[in-house]
Amino acid sequence: MLVLHYASSSLTGAVTDVSAVDVERNSISILIREEPPQLDSSRATDAVSGMVLGHVMEGLVRMGLDGRLEGAVAEDWEVTPTTATFWLREDAKWSDGQAVTAADFIFSWQTALKPETGSEYAFLLFAVKNAEAINNGTLPPSALGVSAPNPNTLVIELERPVPFFDKMLVFPTFLPIREDFFLATEGRFGADADQLLYNGPFQITRWVHGSSMTFERNPHFWNQDEIHLDAIHVPYITSDATASLNFFKDSKIAMTGLQAENLTEAMRMGWQIRQHRDGTVFYIDFNYRDGRATDNLNLRRAIQLALDMDEMVYKVTKLPGYEPGVSLFPGWLMGEKTLLRQEYPPTKIIPNASAAKAYLQTAMQELGLSEPPTLVLLSGDNPISSVQSEWVQQSLKTTLGIAVKIDKQIFKQRLAKMTAGDFDMVLAGWGPDYNDPLTFGDLYASWNKNNRGEYNSQELDTLIETAQNQLEPAVRMRAFGDIQQHLIDNAVLLPMYERGVTYVVDPRIKQLKRRVIGPDPDWSRVYIDTGSE
Amino acid sequence: MLKYFAKRIVLGLVTIWFIASATFFGMHAVPGDPLAGDKAMTAQIRANLEAKYGLDQPLGTQYLIYLGNIAQGDFGISFTQENRRVNDIIREHFPISATLGILAIVFAGLGGVLWGALTALYRNRWPDVVIMFLVILGISVPSFVVAAISQWSLVGLNLATGTAVLPIGGWGTVWHMLVPALVLGLSTMAYLTRLMRSSMLEVVSTDYIRTAKAKGLPATQIFSRHQLRNAILPVVTVLGPAIAGITTGGFVVEIVFAIPGLGRYFVQAIQQLDYTVIMGTTVFYGAFLVFMVILVDLVYGFIDPRVRVEK
Amino acid sequence: MSTSHLTPADFQPLQGSVSGQQISRPSLSYWADAWRRLQDNPRAMASMGLIAFLLAFVSVGPYLWQVDPSVQDLDQIGIGPGADRSVTLAPPFQPWLPEQQSTILADNAMGLTLTMPATTQAVRLMWARADGERYRLYRNLFDPSDTGSFGLPLAELDRSYFEDRLDLQAGTYFYSLVMLDANGAETATAITQTVNVTRVISVAEAIERGLIKTEAEAQLGQELKLAWHPLGTDYLGRDMLARLMYGGQVSLFIGIFAPLAFVLLGVIYGSVAGFLGGATDQAMMRFADFVVALPFLLFMILFKVIFGIGPGESGIWPMLVAMIILLWPAPARLVRGQILQIREEGYVSASRLLGGTTSYVVGRHMLPNTLGVILVTMTFQVPSAIFTEAFLSFIGMGVAPPTPSWGAMCNEGIKSMLTRPHELMFPALLISITVLAFNLLGDGLRDALDARMRGTE
């Protein structure tokens with residue numbers, strides 16, 4: 001009886017009829033891969049939370065449809081080396097009709113920095129005065145260098161000059177939270193649809209955990225002209241690629257990702273296939289701890305020359321949009337005037353089996369080995385990294401005679417092993433947190449905790465310090481160019497590829513924005529084109 | 001009788017304690033770090049998180065706190081969905097798995113009895129051959145293959161007819177449940193068909209059927225009154241264990257058909273190393289199984305006087 | 001005889017007939033009888049034949065088909081059985097420097113030109129470009145005028161050339177060049193060019209793959225045959241037949257040894273409990289009850305995570321151990337029940353009265369009489385062990401790559417079910433055959449070994 005009772009109650013709130021595009025109700029349906037763990041912006045870390053928050057919340061600034069930074073809650077702003085000032089628009093409202101004020105940002109940032117919040121992304125705020133000390137618990141949250149001379153002005157004192165400070169603000173950690181609402185939720189903030197206050201174009205009206213969500217137009221949103229849809233439904237939450245494809249085929253969702261296996265099918269169906277490079281770089285990371293063979297430069301060079309990343313991308317991954325990796329800095333990063341890649345083109349490594357063997361011989365002499373070493377390759381448990389690690393294993397075996405042991409682990413165990421240094425090589429990836437080359441550039445700094453192989457070079461550290469502390473763009477970009485060269489020359493990491501996403505969208509949907517920084521995909525400005533029907 | 005069941009319940013509670021302990025110590029033997037995230041965290045943030053989940057306490061203390069909480073029916077807070085209680089997760093997702101399981105059992109039971117009776121009636125003629133072939137297929141193809149192919153066929157059906165004949169996944173109405181429940185119940189149905197068939201054939205040669213025939217009862221009456229009724233008994237006895245098996249065995253169907261049941265949730269939790277959800281789900285399912293078995297025993301006592309508990 | 005004298009011996013009374021009952025045929029032991037009955041069951045015999053075939057396939061097969069299951073034939077990825085293997089010998093791939101190439105552009109609207117014969121190494125296209133123009137280049141397997149879409153977007157370009165190297169297969173491709181407007185939207189200016197790609201291989205690659213022996217005998221343009229894959233290849237170009245053989249070793253090993261091990265453990269545990277009886281029996285069986293209560297699949301997954309798989313390990317042993325830990329109680333209960341029952345039988349008492357020692361009674365009477373039940377249980381456990389392995393592979397908790405197993409191969413095959421059905425069909429078929437064979441054998445054994453359990457089929 002108990003069971004049946006629950007069953008019936010769980011059925012009442014479900015979406016019963018969904019279609020990819022509903023012209024009459026001016027709504028669309030989409031699928032998300034997994035459910036947001038929670039929607040408290042001060043603690044959000046994952047891409048799905050970022051995507052959902054990007055539709056229901058609005059920060060000081062946002063990425064526009066043209067890919068440029070534009071004002072959102074802030075009408076105008078000014079960043080100097082010591083302070084940043086934001087003037088908030090007066091018509092920005094919460095979903096209960098109250099105005100969004102500077103105090104909401106101050107409260108949100110203080111919350112993110114409080115040690116007991118345990119926010120993984122608190123470090124993004126460290127540019128603000130006293131932020132790091134607050135996060136370490138040495139100063140109270142009230143000491144944060146942020147003030148509101150009036151409800152519509154936010155003045156931020158900077159700890160150190162950050163030339164790209166405004167660009168960082170598109171990250172969810174900087175979204176506003178209203179104090180009275182936060183306190184009223186008694187620790188359940190962001191756990192359910194009614195435990196969240198919205199100031200974005202949409203608000204979540206229904207959230208059935210693990211099952212479905214509905215975003216409806218927020219009547220209090222200030223910029224109604226730009227918003228066209230009345231609702232976005234999320235009828236399915238699944239990471240199963242086949243299911244996603246089937247839902248799209250069945251006209252239940254407006255977009256699906258495509259795997260290499262489905263491309264022929266998609267072409268046969270005559271779908272409008274698109275691709276998008278999502279800005280993430282994947283690479284092989286080495287372990288530099290004492291006693292690891294991979295600490296040897298010549299061994300790394302041998303591996304660098306033995307692996308043909310073109311072959312991997314063109315024959316193993318087989319998806320358009322993937323680009324063979326040449327540098328830790330992906331191609332989309334802006335340099336001083338144009339792309340960083342154009343200003344400082346990386347040397348492309350041409351695979352060379354005989355040179356690789358020669359390096360291996362030298363490495364074996366230096367290491368005192370009579371046979372090629374056996375290396376442990378740590379890898380994730382998703383199908384793509386399995387395939388890639390099998391390819392690396394086979395390539396190194398045929399070219400160099402190096403035996404590779406694949407260590408396939410689930411996410412958390414892989415992270416634990418990476419942190420403990422329990423690997424020789426690891427398949428890793430890095431996505432940008434903000435729109436500046438530094439988001440990649442400081443990865444191998446000796447002090448960076450994400451440098452899990454513990455690479456330590458005085459030369460590189462100096463370059464990174466230059467890139468961090470200098471204000472002159474030309475000087476910074478030259479430093480990034482030098483960092484890139486250092487990483488290639490020393491085979492510090494082996495870039496495998498820049499990831500692409502291949503997908504299809506219902507042809508009636510216009511103004512869907514895919515982006516590298518900020519919520520992706522962004523459905524907020526989408527409209528339904530009925531003319532093409 | 002009452003005393004017997006009181007004893008069973010006490011034993012059941014001890015069993016649950018055993019399951020809880022096995023899960024707890026198992027989970028804490030797992031290498032890996034449930035708190036690890038994409039980005040490395042500072043020692044301070046780590047310490048804060050550990051304190052939040054009580055991981056800073058010694059293992060013995062953690063165990064006692066854990067047992068105390070279970071005794072109060074509290075499974076704690078999820079590690080990945082930080083603001084959700086495990087109790088809420090189970091309360092929201094288990095009914096879905098249970099509904100699916102019950103429907104699958106109904107399909108399997110009805111189908112098994114029907115097909116089994118048919119094959120026995122048409123023994124060695126074409127309906128028997130066809131059904132038994134399908135039964136063999138149902139037993140010998142892995143469930144995820146069956147699930148994937150049936151979903152793909154549904155898509156094809158919807159495309160061909162141009163209308164949504166049946167939803168191909170998700171959860172909501174009875175229509176969403178039909179195909180997943182059929183797939184889930186398939187192997188049980190096949191098993192029950194075989195059981196029903198041999199049971200029917202055994203009953204045919206019994207004395208009371210001969211008597212009934214001798215009395216001159218019409219064949220239909222013999223079939224429905226005597227043969228079917230008696231042949232169903234063994235089928236009913238295996239339904240109990242099947243209920244438990246199907247309810248926890250819905251992982252595959254839930255994953256393929258994107259059904260937000262507890263099974264799919266458990267698989268996700270394992271991949272995320274979500275300690276509290278894993279322990280909560282396991283203990284909950286364990287307890288569910290234990291009490292289902294007791295319940296089924298109790299029910300048999302009423303159904304069949306021959307198996308009424310003696311002690 | 002008539003002439004002989006009568007002697008007193010002739011007057012002795014005749015003795016009664018000595019032979020009362022004549023045993024006309026040799027006596028049959030229990031096992032011989034069971035074997036005879038099994039032989040009468042055509043289905044059981046056929047299933048035994050199938051099992052013998054499967055065992056030979058995975059054990060003898062690799063000696064007959066000596067192909068390394070881990071070698072990746074990247075020229076032939078995901079090909080079906082009987083695919084065309086011809087390949088032309090060509091110069092090795094050289095990076096393209098389009099700036100240095102003078103090309104006469106073709107006479108079409110956008111001047112879209114194939115600059116050299118298209119091969120599986122690369123397809124090189126050039127076109128006429130005015131300053132500031134941007135393009136999107138598509139590739140399609142089908143004629144865009146039939147399907148209504150240009151197909152796969154390869155790149156967005158603000159230059160006048162493109163080199164395509166993405167997963168090129170021999171066959172016809174339709175390349176479409178579409179001009180973009182200032183906002184990046186597609187304009188009506190577009191052109192489609194049909195390109196026939198031929199499969200080529202360089203001399204060095206041909207030598208590496210063993211298609212030719214020395215450089216001297218190589219002749220550019222010469223036609224060769226790539227390695228033969230009778231059942232096609234998988235997503236990394238590995239030979240399906242070889243992988244099915246090695247994968248079968250894993251699946252059958254788990255499928256047969258896991259039941260063997262946990263049934264053996266269960267038999268020992270159950271017979272000890274049953275024989276000792278009393279409080280010990282109660283305690284032992286209570287413990288078995290606890291283990292039975294553990295939800296199987298949940299704990300199977302849990303144990304897989306707890307044991308973990310180290311680098312380079314296949315993960316077969318953790319799976320085996322987890323199954324043994326979780327599944328022994330069922331046979332233990334069964335055997336204990338049998339032992340308790342047999343202990344009360346008349347022939348056991350008789351044996352004891354006649355001075356049979358404990359070990360004699362157990363060895364001569366108890367175990368042989370339970371063996372039938374044990375054997376039947378074990379046979380029925382094989383399919384479920386094989387399914388468990390397949391299930392774990394499905395949720396990503398199976399054997400670790402590159403070790404193949406039928407379950408893991410099925411799981412990989414499902415993803416490409418529509419385009420490359422052979423990757424799913426073959427392993428799924430082998431699993432089905434195995435499960436079917438053991439189920440039928442189990443039925444046959446049950447009928448043959450135990451009259452009381454005999455079905456009426």
Side-chain angles (χ1 to χ4, degrees), chain A residues 66 241-242 245 259-275 310-311 313-322 348 350 353 374-379 381-383 386-387 389-391 393-395 397-398 403-410 413 422-424 502 504 507, chain C residues 70-72 74-75 77-78 93 95 122 136 138-142 144 146-156 164-168 174 183-186 204 208 235-238 305 308-313 315 396-397 399-403 408 411-412 414-420 423:
Chain A
D66 56 359
T242 316
L245 182 77
Q259 312 299 310
E261 295 84 18
N262 316 126
L263 293 179
T264 311
E265 176 75 0
M267 284 187 265
R268 183 182 295 127
M269 303 287 289
W271 288 342
Q272 312 294 322
I273 307 170
R274 305 189 203 180
Q275 53 138 300
D310 286 0
E311 179 183 86
V313 167
Y314 296 138
K315 291 191 166 174
V316 177
T317 319
K318 295 186 289 192
L319 274 171
Y322 274 67
K348 166 125 182 153
I350 311 290
T374 297
L375 300 176
V376 172
L377 174 64
L378 187 58
S379 132
D381 67 339
N382 60 328
S386 284
V387 174
S389 49
E390 285 173 274
W391 172 81
Q393 182 183 48
Q394 188 64 23
S395 285
K397 188 177 154 200
T398 37
V404 171
K405 287 181 169 177
I406 297 174
D407 190 6
K408 177 178 146 178
Q409 298 292 346
I410 61 171
Q413 288 177 342
D422 194 1
F423 64 95
D424 292 313
T502 308
V504 283
Chain C
S70 63
V71 164
Q72 300 167 4
L74 295 180
D75 296 321
I77 286 179
F93 174 80
R136 190 174 288 150
Y138 287 94
R139 188 180 87 187
N140 206 339
L141 281 173
F142 306 93
D146 291 344
T147 59
S149 89
F150 288 123
L152 221 52
L154 293 176
E156 262 181 52
D164 178 21
R165 295 179 63 197
L166 180 75
D167 189 29
L168 288 162
F174 299 87
N183 298 324
E186 293 183 3
E208 189 193 308
Y235 58 97
L236 268 174
R238 293 176 292 202
V305 178
I309 300 178
E313 290 171 9
M397 295 270 156
V399 291
T403 314
N411 187 33
E412 288 300 333
I414 276 195
K415 291 173 201 149
S416 51
M417 187 169 79
L418 295 184
T419 38
R420 307 196 299 259
E423 283 181 40

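Sequence lines set the chain letters: A, B, ... in the order given, protein chains first and strands last, and positions in each chain run from 1.
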(message) Run the side chain to side chain donor-acceptor pair (under 3.5 Å) test against A:Q409 and tell me which residues pass, sequence neighbours left out.
(response) A:D407

Relative to chain C, which segment of [X] carries a heavy atom at a distance below 4.5 Å: side chain, backbone, both, or neither?
X: A:I406; result: both
X: A:D66; result: neither
X: A:V404; result: neither
X: A:W391; result: both
X: A:N382; result: neither

(request) Flag yes if more than 12 heavy atoms outside A:K405 fall under 6.0 Å of its NZ atom; otherwise flag no. (result) no

Under a 4.5 Å heavy-atom cutoff, which of [options] has the most pairs with chain C?
options: A:R274, A:Q413, A:E265, A:R268; result: A:R268
options: A:M269, A:Q259, A:K408; result: A:K408
options: A:I273, A:T398, A:L245, A:T374; result: A:I273

So which part of [X] gets closer than 4.5 Å to some heavy atom of chain A, the side chain, the backbone, both or neither?
X: C:I77; result: side chain
X: C:T419; result: side chain
X: C:R139; result: backbone
X: C:L74; result: both
X: C:M397; result: side chain
X: C:F150; result: neither
X: C:L418; result: side chain

(message) Minimum heavy-atom separation for A:Q272 and C:G148, please, with both atom names.
(response) NE2-O, 3.6 Å

(request) Locate the shortest heavy-atom distance separating C:G151 from C:Y138; write the atom from each residue and the value. (result) O-CD2, 3.5 Å

Whether [X] side chain and [Y] backbone form a donor-acceptor pair below 3.5 Å:
X: C:S416; Y: A:E261; result: no
X: C:E313; Y: C:G310; result: yes
X: C:N140; Y: A:M267; result: no
X: C:Q72; Y: A:E390; result: yes
X: A:Q275; Y: C:P153; result: yes

(request) Decide, yes or no, whether a salt bridge links A:K315 with C:D75 under the criterion of side-chain N to carboxylate O below 4.0 Å. (result) yes

(request) Just give me the residue among C:S70, C:G184, C:A400 that pairs up with chain A most often, heavy atom to heavy atom, under 4.5 Å. (result) C:S70

(request) Heavy atoms only, distances under 4.5 angstrom: which of C:E156, C:R238, C:M417 has the most pairs with chain A? Name it, please. (result) C:R238

(message) Can you list everything that forms a ring pair (Phe, Tyr, Trp, His ring centres under 6.0 Å) with A:F423? Sequence neighbours excluded, please.
(response) none

